[in-house]
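In what follows, every chain begins at residue 1, and chains take the letters A, B, ... in the order their sequences are listed.
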Number of protein chains: 2
Amino acid sequence: MEKAISLAHGDGGELSHHLIQEIFVQAFGNNEQSKFDAAVLSMQQGKIAVSTDSFVVKPLFFPGGSIGKLAVAGTVNDLAVSGAKPLYLTCGFIIEEGFSIKDLKTIVQNMADEAKKAGVVLVAGDTKVVERGSCDGVFINTTGIGVITEEITPSFKEGDAVIVSGTIGDHGIAILSARGELGINSPVQSDCASLNHMLEKATAVSKEVRIMRDPTRGGLTSTLVEIAEDFGVTITLEEERIPLKDEVHGACDLLGYDPMYLANEGKAIIIVANEDKEKVLEAIRQTPEGQDAACIGVVTDITKGQLLLETPLGVKRMLHRLSGIMLPRIC
Amino acid sequence: MEKAISLAHGDGGELSHHLIQEIFVQAFGNNEQSKFDAAVLSMQQGKIAVSTDSFVVKPLFFPGGSIGKLAVAGTVNDLAVSGAKPLYLTCGFIIEEGFSIKDLKTIVQNMADEAKKAGVVLVAGDTKVVERGSCDGVFINTTGIGVITEEITPSFKEGDAVIVSGTIGDHGIAILSARGELGINSPVQSDCASLNHMLEKATAVSKEVRIMRDPTRGGLTSTLVEIAEDFGVTITLEEERIPLKDEVHGACDLLGYDPMYLANEGKAIIIVANEDKEKVLEAIRQTPEGQDAACIGVVTDITKGQLLLETPLGVKRMLHRLSGIMLPRIC
């Protein structure tokens, strides 16, 4: 096989055929239900969840992951936080002419590995090739389908606990470090991971989960502002309770980033009835992804949509969505 | 609102929020089932079809269509030819910094219009913004979900008729013309269209449809070679029966393109039992997309996978998949 992708790999002819057979079908396997074009799947009656995400992360490989791992975990997580059990993924590749076939194979293998870990099947795919300079290496879209076994109803009560499943900002700092923008070699790994198994444990121990979200682009703050605004609730966070790695804290201080706005790719926010808080924390702390889970705040009002941060000195300030650019292409 | 897309439109903060609300939610509408992130949909028990496609067509606007229209019709057609009734689409946008918001609105409106025509609902979406020079304007992924009401079983018999729903090569020539590569102003419009309503008519009048396919990238030849190889059948085409517009014929002669390999974006191949041929032709000719439908060949053997073309002089030659590059970025 050639060493680099050429335009002919994308024109639907002989080379496209080989590319699909030798790279994708080989890694994603069996797929009796699919000719890798339209997949036919059996579904039980009921509700399904569907989510789509394009990945343009730069660089393609970073400490703790790659665009391939991220493309699977990201869509798995979008489904899982909506209360669905992820089942199937499709993937669409846009590849730049000249891209290394070795790197493509690694990325595809990363996808296959992460899919196996998450228990999802890659059922359909598509590849397009664009001329040199018309895209940046590889972009990947994944779209996921899951079944909703138990629906989560976002009806909040005063006193509901706000849990985050671990330290924040790791992914953002790992990406900055991989880009060489830190000026130092940071040991921080991206948290990039599929969270469906962890979240299943949370919903298994509590029927009072109000909402789950993954704070990716825009970070913890933007996601919580969205929840607060969408449902008209006031969430008050306690700054000192928010889990943060020393290295992330240090890198943020150095560069002037706020970790509250940095992307996470393996963290979930879970808002749950106060009486179930400990059960949920205990359940998710037993998983590798949820070891550092903490309760970081409380729903303090259900009539006004805002996010407040209480500092260690007791000062409260309102937090807003990220406005203007912070970090492009972190996912 | 701003006139051009900036990186901040993609970082998950305030501007991303506005972009989604003001452009996508406005055009794609209602979506009670969706917060434009993970959509929750009700499904009947049974089989579903899933298909994904990324669109990188250049230029973004061309005679007869745009990347938006194409992104909807293309995925609708992938579902429809698999025998499914298309229901839902997701869309993932990758947008270049500096891209015109006016053009983006037009593209999104084209998608909404084509979705309405095809009877599908856009249920979830995603937008990413990359730096100037890191992609070429806009790339769109659509992933579609449909229900399979009646499964098509590809069991061929000698004598089965091969139908094409209209003239071939129109899309390829329209794209070349829009790129200014013809050297002349061609009046050819792209055939870009959703074919689900037409194909429903075909399967309504015949229970003996063997297979349906849309000959996009690689054209009529590559698609028929794939069918021949996948199912081990010999298909013999009669060259003079293949519908071809004079303008397409002329442009191909001039430029040395073979219309048999040029992309179509609004054509279907239907292979059907010989006894149902006329019924199917009559049914699809009543639709605007199938007016020029014709029977172009026959399954002449069910033991050997090959595609033969019989010229008007009675000479038969074997056709192969497109090998090497013909036209990049036609879809």
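Listed by first then second residue, pairs satisfying salt bridge (Lys or Arg N to Asp or Glu O under 4.0 Å) with a partner in residues 216-225 of chain B read A/D126-B/R217, not counting sequence neighbours.
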Trace of the side chain to side chain contact (heavy atoms under 4.5 Å, CB included) decision for B/F93 with A/S54: CA-CA 7 Å; B/F93 279 76; A/S54 295; over 6 Å; no

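Between chain A and the residues B/C135, B/G218, B/G144, the most heavy-atom pairs under 4.5 angstrom are made by B/C135. Contact count versus chain A (heavy atoms, under 4.5 Å) is highest, among B/H320, B/K128, B/K47, for B/K128. Most heavy-atom pairs under 4.5 Å with chain B, from the set A/G219, A/G137, A/S42: that is A/S42. In terms of heavy-atom pairs under 4.5 Å with chain B, the best-connected choice from A/V56, A/T216, A/N141, A/D136 is A/N141. Contact count against chain A (heavy-atom pairs under 4.5 Å) is highest for B/A49 among B/A49, B/A84, B/G83.
Taking B/E131 as the reference, A/K58, A/R329, B/L7, B/E97, B/S134 meet the side-chain contact (heavy atoms from CB on, under 4.5 Å) condition, with sequence neighbours excluded.
Residues A/M111 and A/I140 are in side-chain contact: their nearest non-hydrogen atoms beyond the backbone lie under 4.5 Å apart.
Under the 3.5 Å distance criterion, the side-chain polar atoms of A/S16 are matched with a main-chain donor or acceptor of A/H9.
Heavy atoms closer than 4.5 Å to chain B are found nowhere in A/I330, neither backbone nor side chain. Interface residue A/S222: only side-chain heavy atoms are found under 4.5 Å from chain B. Heavy atoms closer than 4.5 Å to chain B are found in both the backbone and the side chain of A/I48. For B/V129, the part lying under 4.5 angstrom from a heavy atom of chain A is the backbone only. Neither the backbone nor the side chain of A/V147 has a heavy atom closer than 4.5 Å to any heavy atom of chain B. Heavy atoms closer than 4.5 Å to chain A are found in the side chain of B/H17, but not in its backbone.
Residues B/L220 and B/N264 approach most closely at N-ND2, 4.1 Å, considering heavy atoms.
Salt-bridge check for A/R132 with A/E96: failed, with every basic side-chain N at 4.0 Å or more from each acidic carboxylate O.
Between A/F156 and A/F231, a ring centre-to-centre spacing shorter than 6.0 Å is recorded.
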